[in-house]
Amino acid sequence: MGRKASKATENIYYKARMCAAEKDGSFSSREKAAMQLGIERSRLARIELNKIEPYAEEVRIMAREYQAPYLCEDFCNNVCPIGMEKLLGEKKAKIRTDSLERLSLQFLSSAQSIDDISKKLVNISKDGKVSEDEYESLHNVLQALDEISDNIRSIKAYIDANPNLRSRFHADLRI
């Protein structure tokens, strides 16, 4: 088995390769993986070391070979300009522009659960890994955080849509 690449340990493509290596030894080193993937070894190294972004086709190959379909979703949401634009459009479509009072109450309602969310997150992460029985709880935490984020974006959208407020807070409205 190849050595652990300490500079790449947080890289999603490196992590996927290491998971794949547990099932298939041909991914245990970059050299072997590069041959299997049809990607030049030095290019794979630069991808895993966050020095360059992979091409979409390289991500598709890695996702298929590593049996890690989440690589494609991550690429589309965080690297591909078309995917990022689509995701931003979907987020903006979810934003509500009700009255400020209603938006404030919705935010407060969702924020009341922050202590519970924090406790769940600490319990899930205290051992440094997410176990099989913690996936559902983590999913619930992420949904609650998304709800809070949506409520915050809605309040900002309300302010942005109101000319009097927008002129005073424009610099603070990163939606």
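It should be emphasised that the depicted structure is a prediction, and the values quoted were computed from it without experimental measurement. Computation of the quantities below employed the complete heavy-atom set of this structure, encompassing side-chain atoms and omitting hydrogens, waters and symmetry-equivalent molecules.
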Say you draw a straight line from [atom1] of [X] to [atom2] of [Y]; how long is it, rounded to the nearest 0.5 Å?
| X | Y | atom1 | atom2 | value |
| --- | --- | --- | --- | --- |
| K32 | F27 | NZ | CZ | 11.5 Å |
| C80 | E73 | SG | CD | 13.0 Å |
| S110 | D146 | OG | CG | 11.0 Å |
| L142 | L121 | CG | CG | 8.0 Å |
| R17 | R30 | CZ | CZ | 5.5 Å |
| L103 | Y158 | CG | OH | 8.0 Å |

Open item on the list: Please identify which of these residues, L44, I47, I39, I61, meets the side-chain contact (heavy atoms from CB on, under 4.5 Å) condition with P54.
Closed with: I47

Validation row: [X], [Y] side chains within 4.5 angstrom (heavy atoms):
| X | Y | value |
| --- | --- | --- |
| S109 | L105 | no |
| D24 | Y66 | no |
| I12 | K15 | no |
| M35 | R41 | no |
| N140 | I117 | no |

Task: Y55 six-ring face occupied by R60 cation (under 6.0 Å, within 45°) - done: no

Open item on the list: What I want to find out is whether K119 reaches D115 closely enough, with some N-O distance under 4.0 Å, to be called a salt bridge.
Closed with: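 Answer for the salt bridge query: no.
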
TODO: Treat each ILVMFWY residue as a node, draw an edge where side-chain heavy atoms are under 4.5 Å apart, and state whether L108 and I114 are in one component.
DONE: yes

Between the side chain of [X] and the main-chain N/O of [Y], is any donor-acceptor distance below 3.5 Å?
| X | Y | answer |
| --- | --- | --- |
| S99 | R102 | yes |
| D74 | Y70 | no |
| N151 | E147 | yes |

Task: Short side-chain donor-acceptor distance under 3.5 Å, S131 and E134 - done: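 E134 vs S131: donor-acceptor pair found between side chains.
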
Open item on the list: Quick one about S29 and E31 (side-chain donor to acceptor, distance below 3.5 Å, no hydrogens or angles considered), yes or no?
Closed with: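 On atom types as modelled, these side chains do not qualify, holding no pair under 3.5 Å.
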
Task: Test log, rule side chain to side chain contact (heavy atoms under 4.5 Å, CB included), inputs I124 and V130 - done: CA-CA 6 Å; I124 292 167; V130 180; 4.0 Å; yes

TODO: Assess whether atom CD of Q143 is packed by more than 12 heavy atoms of other residues, nucleotides or ligands within 6.0 Å.
DONE: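 Atom CD in Q143 is crowded, with more than 12 foreign heavy atoms closer than 6.0 Å.
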
Open item on the list: Is it the case that atom CZ in R46 sees more than 12 heavy atoms from other parts of the structure closer than 6.0 Å?
Closed with: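 Buried by this count: over 12 neighbours within 6.0 Å.
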
TODO: Apply side chain to side chain contact (heavy atoms under 4.5 Å, CB included) to the pair E58 and R43, showing each step before the final yes or no.
DONE: CA-CA 10 Å; E58 292 169 328; R43 180 161 177 78; 2.5 Å; yes

Task: Heavy-atom pair with the smallest gap, counting every atom of A68 and A16 - done: CB-CB, 4.1 Å

